[in-house]
Visitor: 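Dumping the structure here so I can ask a few things about it.
One-based numbering, in listed order, for ligands and for the atoms of each. Numbering starts at 1 and runs along the sequence shown.
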Amino acid sequence: MSRMRNKLLAMLLCLTLMLTIIPAQAFAETTGLVTREQAVAELINAIGLGALNETVSDLSVFPDAAEISAEYQDELGIALTNGIIAAGQALNPKEPITRLDFVLILNRAIREFPAFLAPSAFADVPVAYLGEVNRLVRAGILRGYGNGNFGAGDYLTQEQLAVILDRIEALAYTRPQDDFFYSINYNWLISTKLPAGYSYYMSFNEVDASNSRKLMEVVAEIFKNKGTYKQGTKEQKMADFYSTIVDTESRNQQGIAPIKEYLELVDQANTVEELLDTMAKTEKDAGMNFLFTFSPSVDLKNSTRYALYGNGLSTYLPSVYLLMDNPQIAQFYQMFVAQLFMLAGDTQEQALQKAQNLYAFEVLLAQNTMSNEEANKIEKIYNPMSMDELVKLFPHVDLKAYIRNLGYESAKEAIILDVGLMKKTGELISDENLDILKTYAKYALIVGSAPYLTEDFRAVLDSFNQGFYGIAPASKEDVAFSQFSSVMSTYLGQAYVEKYFSDEAKKDVEGIIKEIVAAYEKRIEKLDWMSDATKQAAITKLKNIKAYVGYPEEWNDPLEGIEIKSYENGGSLLGNMMTINAIMAKEAKTLLDKPVEKTGWIVPPQTVNAFYDATKNAIFIPAGILQPPFYDVNASHEQNLGGIGAIIAHEITHAFDNNGAQFDKDGNMSNWWTETDYTVFQQKCHEVIELFDGIEIAPNAISNGNLTVSESVSDLGAMACILDIVKAMPNANYKELFESNARIWRMTATLQGYQFLATQDSHAANKLRVNQILRNLQEFYDTYNIQPNDPMYLAPEDRIAVW
Ligand SMILES: [Zn+2]
């Protein structure tokens, strides 16, 4: 953990230091050295425009812009556009560049590198930059002096630059045996621009963006005839809702009016009990609770009914970042919070004070929040508590009254997701903390509403995302569509299926699912580590998995009876959102007395993803993902198996990962294992944790095997199963299988994007989802003639199979 902390600290330092990390000494007319402007320009020319944005920025942002040579101006302009050099400080274009400075530039100019050589602990490289240096060492582009030093402060020579540029060119010849993911995806990785609005971008996003473009046309067509639809029809709701999104003029005019009433309500609370009453009221009126709430969800131990779940006061910044104790993060986040408070009406002084208090409060909450690793383990988050036990955690208020006011009078118990956090919440909910609780509640309201308010709010959100996650602001059209589809996804889904999905694909994929289930059954029968009794239970569960492909048989209308109003009719974007949220909250409050609807779809059909629902023991393969590169009616069977086949088998394996294995064939958390088998299974999961732990994906982004274990177990089971199917095919083409699998996981990201995912995402980095999985399979070795000296090689005794 401490390793991660130091490394993440480096990431923010890099945001501001860029070119000036080691002050270059005055250029003493030394021959044979590379100047700073030459280094940047030659690098840009060598890598080409592939993954870079080609717009040329204005160099006058540099105080010494006049010194830049005419021949290098275009390249430096492109480097500025792409964040390779940073504005605002002297560029010193004619001074020599140090080796370390060059490393930093190189890391910004190229987003993706292979990794197949060993890293090194150079004595002369500051710890904060070791990740960046080693990224190039591992890709074979740079090396040290062989005496433990890298020569960080030495100037880069012309000779060294020429060698480095040659090696960058040679990356095209990276072998499958060195880094399979990189070698198969090379052309895509070096030519894919990161679109605005993304800190990472993969094939799933590509297909999703293409689905969105298709659906944007549907929306534009409906919006064109706005005002002509009958009140209450889905066309009227879509047209009027979209109009409130794109009518930024009306939104700007309204300012904070849509949230003013709620800000005042929070202000008016004189005691913490009154504040809780206010929360119960805003939850009822607007579907929003700014403190902490309880809500029904399927009871994991009896999946035919709902249980009441509760979580305490949550942090807004991910707790990992709050716990880094990093002054730069603290400052950056507080500036963001203060800007929002100012837009909501506070003076600068008030806003800064609130931001400081809120940050300290969030740090306290983070210290009492379970880690992401724990939160991903189902047994850690299912903690039933009786009302009496729960009430004892809240000594300063009448918690029973709060739960009753929320509408859950009949609840006799609640399941607490994070007990430590709920305990802390119970302590903090007191009159003594009224001020900070009000600040927290107001912040929750403002930050949650910001995307639906004025363009000034949008600008503050954009600049935070840019600085913190490296996300360039998305276009207005893309933001509008994503807001629209977050609410109207069912209507859009119907249109998507009618226009873009064929029943031929649905039937074909249902056939692939049958093939996978049959292969899976044979694998379970042959497992050498499991007793017959457990095998039988596993096979029963497998055969009981329901598979939903494409789209729902019946279309429910989630907006039935909901009135959507345009600005002309007295509505507002946020007003519409509140109306919808309030109806959903009301609906939720009736669930405790109802049986669970077991057959419903859980996502709209245009979704580019796939799911396993443990409480339904069902997989969902939406229409949206049934297209290239995942699936193509014209592709070979091996290619489709490496794509959609691997995805289907992954979802099926979720029924048997470390979480899924705790649920039975009916979707209830109950044990169907013998004790010995379960112990062996846990040991195997532990091996998977080790296989995926501690690998550097990008500078300061280290894989966490514990966080990703359920996904990695599923990836491993999926490819083993798919391989069995291919092995049974006459003249099977293994290359098509493995390469199709590498292609569906192609991905590129900003450094902050990789760093964020490494701490927050329960999936391993895509590169590992290919390389760390395939190296366990003998056919992979045979296909590519992988030898013991090759970096992709794993000794037979170290290879892992779980399912
Ligand atoms: Zn998964």
Visitor: Of all residues at least two apart in sequence or in a different chain, which pass the side chain to side chain donor-acceptor pair (under 3.5 Å) check with Asn302?
Guide: Thr304

Visitor: Which residues satisfy the salt bridge (charged side-chain N to carboxylate O under 4.0 Å, His left out) test with Asp418, sequence neighbours excluded?
Guide: none

Visitor: Let's test this: below 2.8 Å, count the protein N/O/S atoms around the Zn ion (ligand 1).
Guide: 3

Visitor: Is it the case that Lys541 places NZ or CZ above or below the six-membered ring of Phe656, under 6.0 angstrom from the centre and within 45 degrees of the axis?
Guide: yes

Visitor: Only counting residues at least two apart or in another chain, list the ones meeting side chain to side chain donor-acceptor pair (under 3.5 Å) with Ser636.
Guide: Gln639, Glu736

Visitor: Just say parallel, tilted or perpendicular for the rings of His654 and His650, cut-offs at 30° and 60°.
Guide: perpendicular

Visitor: Using 30° and 60° as the class boundaries, would you call the ring planes of Tyr678 and Trp673 parallel, tilted or perpendicular?
Guide: perpendicular

